[in-house]
Number of protein chains: 2
Amino acid sequence: MPEVTSPFTPPAPATAAATAPTNGSIPAAGTSAEASPTPGAYGVGARFTLLPLTDRFVEVIIDALAVDRPAGLEVVTDDVSTFVRGTESDVVGYLTAVIARAGRTGVHTVAQVLLSRGCPGEVACEVADGVAFAPERLAPIPPTGLRAAAHWSLYPLHDGPDGDHMSAIYAAIDDARERGTLTRSEHFATRLDGDLADVLTTIGDAWLTVGRSVRHVATHATISLNSPSSPSTAGDR
Amino acid sequence: MPEVTSPFTPPAPATAAATAPTNGSIPAAGTSAEASPTPGAYGVGARFTLLPLTDRFVEVIIDALAVDRPAGLEVVTDDVSTFVRGTESDVVGYLTAVIARAGRTGVHTVAQVLLSRGCPGEVACEVADGVAFAPERLAPIPPTGLRAAAHWSLYPLHDGPDGDHMSAIYAAIDDARERGTLTRSEHFATRLDGDLADVLTTIGDAWLTVGRSVRHVATHATISLNSPSSPSTAGDR
């Protein structure tokens with residue numbers, strides 16, 4: 001079923017797996033990791049597709065996906081995309097390492113990335129209505145030396161009938177501006193440019209910033225490296 | 001700015017361009033085209049990235065984007081994606097033609113597609129709160145003879161505080177099942193398989209079905225053709 005949950009999905013009862021975030025108190029921003037639900041219980045993860053535009057794509061993809069991964073990170077690849085489940089920092093760190101590994105071949109490579117949180121189910125979410133939890137920040141990711149350009153969309157999907165996610169959205173935009181990755185608004189997307197690590201950190205931190213007040217947040221980005229038609233390729237590879 | 005509008009964006013005043021859908025009466029499903037707002041006024045369009053995995057990607061992309069387009073369809077390509085604005089049938093028909101043209105080279109080709117409606121602005125939507133409009137169906141698209149596999153996500157973003165989009169969602173799922181393209185639910189996405197035209201029609205008709213009760217609807221799909229690792233390539237090309 002599509003990811004259809006939105007603010008009007010009827011509240012589901014807390015499952016055993018979801019009791020940590022659904023005990024009646026909404027964790028404050030920056031709540032310690034001990035209080036956080038597990039990635040499986042909260043539906044924290046990603047789907048991505050790595051697309052090196054070369055006749056050697058199979059070898060580039062297999063080599064990139066083989067980067068070291070943190071203990072406990074779940075990675076399942078099929079013919080369309082790769083599913084990743086783990087902590088926010090592990091997921092975004094792994095995506096950065098995989099995309100960077102492909103980008104360092106110098107091949108024009110595009111990655112389609114989806115990050116999702118707050119909807120562990122597929123049609124009906126299994127986290128009680130209105131509960132929102134997210135860590136304060138991602139673990140820092142060292143610069144890759146690869147310039148990236150992205151078209152990014154951010155969808156707050158579940159903050160309850162009296163929710164206010166717009167202040168979190170504007171905070172996320174301000175973070176991107178301060179980080180120097182915010183290039184401009186486009187129709188249906190925002191243009192980001194910068195080091196691949198900064199672009200992915202911008203997207204990941206926005207996902208967390210909104211996720212602290214909105215339970216179900218999905219974000220999509222198309223990230224391009226080494227494009228022959230992009231000013232980004234004038235970067236410091 | 002990201003596409004951030006969701007059910008909790010404050011209502012914006014109707015703009016001159018949006019008076020057709022915001023005159024106080026919510027058009028019924030199947031309202032005739034004469035009553036429909038323009039694609040520009042309602043924010044009907046797409047962003048897509050065509051990714052042929054070959055050393056010859058520039059030539060394949062340029063050739064595919066050059067397919068005939070309907071009069072009035074706006075197409076703007078940059079180094080990350082291509083923006084398309086026009087009627088729903090023109091947009092989905094053009095996407096099908098472009099992706100099919102690339103797929104007929106036999107090259108493993110992936111297209112990332114975003115369809116959006118109901119948010120002509122970039123942060124704040126400019127269609128009055130709660131107004132929902134969508135045509136009944138897309139114009140039929142002839143089979144391409146190309147097998148496609150897709151990971152699809154559907155986001156209802158704006159149906160007002162008393163909205164009920166779930167019945168529309170389930171209707172869209174039933175349509176996909178009846179069309180024979182619905183393969184299974186995955187984490188964060190739905191797997192679709194079938195002729196490229198059927199896969200894109202499933203995604204486009206779901207966008208319209210939900211769009212008749214939810215004003216702002218975005219849907220993303222990663223569509224793969226000719227994958228060396230996919231059963232879909234055992235199709236009828």
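Just so it is clear, the structure is predicted and the values come from calculations on it, not from any experiment. Lettering of chains follows the sequences in order, A, B, ..., and the numbering in each one begins at 1.
Among all heavy-atom pairs drawn from A:Ser224 and B:Val80, the shortest one is CB-CG2, 4.4 Å. Across every non-hydrogen atom of B:Phe188 and A:Gly45, the tightest pair is CE1-C, 3.4 Å. Of all the heavy atoms in B:Ser153 and A:Leu114, the pair that sits closest is OG-CD2, 4.1 Å. Taking each heavy atom of A:Pro156 and B:Leu157 in turn, the nearest pair found is O-CD2, 4.0 Å.
In this structure the side chain of B:Thr54 never reaches within 4.5 angstrom of the side chain of A:Leu53, judged on heavy atoms. Under the 4.5 Å side-chain criterion, counting only non-hydrogen atoms from C-beta, A:Ser81 is not in contact with B:Thr222. By the 4.5 Å heavy-atom criterion applied to side chains, B:Val110 and A:Gln112 are not counted as neighbours. Looking only at side-chain heavy atoms (C-beta outward), B:Phe57 and A:His108 come within less than 4.5 Å of each other.
For the pair A:Asp55 (side chain) and B:Asp55 (backbone), a donor-acceptor distance under 3.5 Å is present.
Contacts between B:Ala172 and chain A at a heavy-atom distance below 4.5 Å are absent for every atom of the residue. There is no contact between A:Ala176 and chain B, counting heavy-atom distances below 4.5 Å. Contact of A:Thr49 with chain B is made through the side chain alone, with heavy-atom distances under 4.5 Å.
Top candidate by heavy-atom pairs under 4.5 Å with chain A, chosen from B:Val60, B:Val58, B:Leu51, B:Ile223, is B:Leu51.
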- Task: For A:Asp78 and B:His151, run side chain to side chain contact (heavy atoms under 4.5 Å, CB included): C-alpha distance rounded to whole Å, both residues' side-chain angles, the deciding distance at 0.1 Å, then the answer.
- Result: CA-CA 11 Å; A:Asp78 66 23; B:His151 274 153; 3.2 Å; yes
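Using bins of under 30°, 30° to 60° and over 60° for the plane-to-plane angle, the ring pair A:His220/B:His220 lands in the parallel bin.
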